[in-house]
**Student:** 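If you scroll down you'll find the structure; I have some questions about it.
Note that ligands are numbered from 1 as they come in the structure, with each ligand's atoms numbered from 1 the same way.
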Amino acid sequence: MKVGFIGLGVMGAPMALNILKHGHELTVFDRSPEAVARLVKAGARSAATAREVGAASEIVVTMLPEPQHVEQVVLGADGLAEGLPAGGIVIEMSTIDPATSRRVGDALRARGMELVDSPVGKTSEHAVSGTLTLMVGGNQAAIERATPVLNCMGTDTYYCGGPGTGHAMKMTNNLLATTIMVANTEALAIGVKNGLTLELMQEVMRTTMAWNQQFAVAMPKKAFLGDDSPGFAIRLACKDVRLACEAAEQMGFEASVGRGAQATMDRAIAMGLGDRDTAALMFIREKELDIEIRQRPAALQKVA
Ligand code: NAD
């Protein structure tokens, strides 16, 4: 198939590589020339604009930071919609709000094209191994045509419903996953400041309702080791929670837990940590309370 890819960042670059590996003809664009060069080296063709990617493709994947980037790349000047032939499909895989997803999808359908929403779950490691969770929404016929491309990137595929439902699923998932993670940093910091060790809290809490996947799996791999190398940037986690809270408020509902988590992340961004992994949120607590929350290697082995 002739496939296009726009947004070659932490997630997009390995996802695009997996499309290439499956033998599809790939044309790419990113506003970062270095990101494009890496894909060209692997065998992709580069385009100068999103419109050019569209003109060279039957199906185009977008993997961009925020809703405004998706709107601009798809519907803006020199955008995808100006180049993609009638019948073409955009697979929108960024984490954006369902309202933007539906608006962009409707605009494409008015021009004879389709949008399939398929944001992704799991991590950049799974983007590399092509084993992402895919939360798919859209019209059935378009999803069927997009499936060979989706299968290059993910293994756990869930059909969520009509247009926008994949993005609704992802936004809901990230509101919960991120607020749990921020709550962990808060509770663990209070525990350590009160004289408890991380190891003791792990031993006890794994038997109680406090135990969660962030605490059990994600944080021991990065935060508890003092590692905040790029993975999932705080600016992106904050954006996801903000979008979910805004969507809730548009329904007349106050997502106060989410707004609390957002305030912590806003503070981290104001401290210049926006591009660091969410593990850095733990380091803010350490700084604020003058403590250290680190796992001893022996205890880490026991938990694993
Ligand atoms: P990233 O910031 O690493 O990459 C985004 C890429 O888009 C960059 O290469 C940037 O240059 C490019 N870009 C931005 N605006 C552009 C434009 N107008 N035209 C062309 N290129 C443009 O982000 P990421 O971590 O790859 O995440 C991408 C999306 O996936 C986000 O919505 C994020 O929330 C979501 N997501 C991330 C993870 C993760 O673990 N990193 C996991 C699941 C979902």
**Student:** Any side-chain heavy atom of K222 sitting closer than 4.5 Å to one from M282?
**Tutor:**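 No, their side chains stay 4.5 Å or more apart.
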**Student:** Under a 4.0 Å N-O cut-off, is there an ion pair linking R109 with D106?
**Tutor:**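 Yes, this pair counts.
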**Student:** Find the distance between CE (M11) and CE (M63) and round it off to the nearest 0.5 Å.
**Tutor:**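 Rounded to the nearest 0.5 Å, the CE-CE separation comes out at 4.5 Å.
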**Student:** Go through it in stages, so that I can follow the logic: the residues are T178 and M265, the test is side-chain contact (heavy atoms from CB on, under 4.5 Å), and I'd like the CA-CA distance, side-chain angles, deciding distance and then a yes or no.
**Tutor:** CA-CA 10 Å; T178 305; M265 294 186 283; 3.7 Å; yes
**Student:** Which pairs, with at least one residue in residues 27-41 and sequence neighbours excluded, count as a salt bridge (charged side-chain N to carboxylate O under 4.0 Å, His left out)?
**Tutor:**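 Not a single pair qualifies under salt bridge (charged side-chain N to carboxylate O under 4.0 Å, His left out).
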**Student:** Are E58 and R145 close enough for a salt bridge, meaning some N to O gap below 4.0 Å?
**Tutor:**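 A salt bridge is absent here (no side-chain N lies under 4.0 Å from a carboxylate O).
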**Student:** Mind jotting down which protein residues get a heavy-atom contact under 4.0 Å with ligand 1? Chain and number order, please.
**Tutor:**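 Close residues (ligand 1, cut-off 4.0 Å): G7, L8, G9, V10, M11, G12, F29, D30, R31, M63, L64, P65, H69, Q72, V73, S94, T95, V120, K122, K170, G231, F232, R235, L236, K239, D240.
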